[in-house]
Amino acid sequence: MAAFLRRFARATPILFAAQSNSSHTNLRLPFTAIAAISGGVSFLYYHSSPNFAHSQEAEQVESKNIALVPDKWVEFKLQDTARVSHNTQLFRFSFDPTQKLGLDIASCILTRASLGQDAEGKPKFVIRPYTPISDPQSKGYFDLLIKVYPEGKMSQHFASLKPGDVVEVKGPIEKLRYTPNMKKHIGMIAGGTGITPMLQVIEAILKNPDDKTQISLLYANVSPDDILLKQKLDILATSHPNLKIFYTVDNPTKNWRGGAGYISKDIVVKGLPGPSDDTLILVCGPPGMMKAISGEKAKDWTQGEVSGVLKEAGYTEQMVYKF
């Protein structure tokens, strides 16, 4: 484990102290944000630019420097793992050290594993989306932060992996196309590992000195020990005045100083920007939380109507994005 952490430290200059319960020693693990840029030129530009040949060449060079293939499952080898909390682990996967992964902000990847066979003897695949938490400029690796559920087929599969094992990955799957200063104020409501796409956007904003977007994050968890990446988030909030964070937990401890209970309309009104054309509220968390806060997505996986707490607080479909 010590050697693993030293390799992490060499690979990434920014560190965070991983959350753990009282029975585990705090680990020092690296963490930055997410998403490598992916190349590509629009059809219009591609066929109208006087520099067509140069654009074509640049696109080809860029595609060679990207590890992901949108329409093909690619194997990535597990390099190392580390426990972050009592039920969450960090997984680092490696690939060609000259390449970037190839994610936009905000986007995710699909992972696939063959778990058993069907009646005809063909592989039965389980497919799950995950959002990497590694630096957008990192080459040769990406990190996944995964909560391991007792009945979770894919998370249990990840937990069983050993260094050298492979996982099939496809992507990127674009979610929200973020551009600097697209809104004056972005509010975020996250639960558990729903923090990962929020970190994509947070880090993209904070690392860009020209992006003046204000960020307000409401982060809900079961207990203080379940708050993932809290020290990292606290460091970001302390060093960036445009980031405000409010934590709330279902089961507070005696010394807990944050909020207690579910995210309510009152917490939303006090902690997030009000309904406005210059406001965007991002939501990501477990199904029960999504249903209560924003309403679930539609059956066809489009955004669907806004309901729940956000509707009660006056937000419209144009002001809310559900990951």
Side-chain angles (χ1 to χ4, degrees), residues 3-19 27-39 62 65-70 74-85 88-111 128-148 154-155 158 161 163 165-176 178 190 192-208 228-233 235-236 284 323:
F4 166 46
L5 299 181
R6 287 195 296 271
R7 289 197 296 275
F8 260 144
R10 289 195 297 270
T12 312
I14 300 177
L15 301 179
F16 74 96
Q19 301 299 306
L27 305 179
R28 295 289 292 178
L29 302 175
F31 171 85
T32 42
I34 271 174
I37 59 170
S38 64
E62 181 69 14
N65 292 330
I66 297 300
L68 286 172
V69 180
V74 179
E75 289 187 344
F76 290 88
K77 184 179 294 186
L78 179 65
Q79 178 178 328
D80 266 315
T81 66
R83 184 172 297 278
V84 177
S85 74
T88 305
Q89 296 184 45
L90 182 67
F91 299 83
R92 171 161 289 187
F93 292 88
S94 61
F95 52 91
D96 186 336
T98 67
Q99 293 182 321
K100 298 177 183 179
L101 183 58
L103 292 183
D104 296 311
I105 297 176
S107 60
C108 67
I109 59 175
L110 293 178
T111 62
R128 294 289 185 273
Y130 290 103
T131 303
I133 62 168
S134 31
D135 188 282
Q137 300 304 317
S138 61
K139 293 183 178 181
Y141 73 92
F142 68 92
D143 299 334
L144 295 180
L145 187 67
I146 297 176
K147 181 171 288 189
V148 180
M154 183 60 89
S155 64
F158 270 99
L161 295 176
D165 292 342
V166 298
V167 168
E168 291 184 301
V169 177
K170 182 190 288 189
I173 307 300
E174 184 177 282
K175 306 296 284 184
L176 170 73
Y178 179 78
T193 53
I195 191 64
T196 55
M198 306 305 180
L199 280 167
Q200 272 196 346
V201 179
I202 289 172
E203 292 266 356
I205 293 171
L206 299 184
K207 72 191 295 186
N208 182 357
L228 302 174
L229 311 178
K230 185 177 185 299
Q231 292 190 32
K232 171 64 179 180
L233 291 167
I235 290 171
L236 289 174
C284 188
F323 280 103

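Sequence positions, counted from 1, serve as the residue numbers for this chain. Model, not experiment: these values are computed from the prediction.
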What I'd like to find out is whether the side chain of [X] reaches to under 4.5 Å of the side chain of [Y], using heavy atoms alone.
X	Y	answer
L68	V74	no
L101	V169	no
S107	I173	no
I133	I195	no

Closest non-hydrogen atom pair, [X] against [Y]:
X	Y	result
L228	L233	O-CD1, 4.0 Å
F76	S94	CD2-O, 4.0 Å
P172	G102	CG-O, 3.4 Å

Interatomic spacing from [atom1] in [X] to [atom2] in [Y] - rounded to 0.5 Å:
X	Y	atom1	atom2	value
T193	L229	OG1	CG	10.5 Å
D143	Q79	CG	CD	8.5 Å
K232	L199	NZ	CG	8.5 Å

Taking the six-membered ring for Trp, are F142 and F93 parallel (under 30°), tilted (30 to 60°) or perpendicular (over 60°)?
parallel

Test side chain to side chain donor-acceptor pair (under 3.5 Å) applied to [X] - qualifying residues, sequence neighbours left out:
X	answer
S155	none
N208	none
Y178	D211, T213
E75	none

Side chain to side chain contact (heavy atoms under 4.5 Å, CB included) partners for A106, two or more places apart
Q200, V201, F323

Under the side chain to side chain contact (heavy atoms under 4.5 Å, CB included) test, which residues partner K139, sequence neighbours left out?
K100

For the backbone of S85 and the side chain of T88, can you confirm whether one donor and one acceptor N or O come within less than 3.5 Å of each other?
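No; zero donor-acceptor contacts below 3.5 Å.
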
Under the 3.5 angstrom rule, does the side chain of T111 hit a backbone N or O of R128 as a donor-acceptor pair?
yes

Could you go step by step and tell me if E203 and L236 meet the side-chain contact (heavy atoms from CB on, under 4.5 Å) rule?
CA-CA 9 Å; E203 292 266 356; L236 289 174; 3.6 Å; yes

A quick test of your reading: do over 12 heavy atoms of other residues, nucleotides or ligands sit less than 6.0 Å from NZ of K77?
no

Of T196, L90, V167, I109, the residue whose pairing with L144 passes side-chain contact (heavy atoms from CB on, under 4.5 Å):
I109

With F158 as reference, evaluate I146, L78, T81 under the side-chain contact (heavy atoms from CB on, under 4.5 Å) test and give the passing residue.
I146

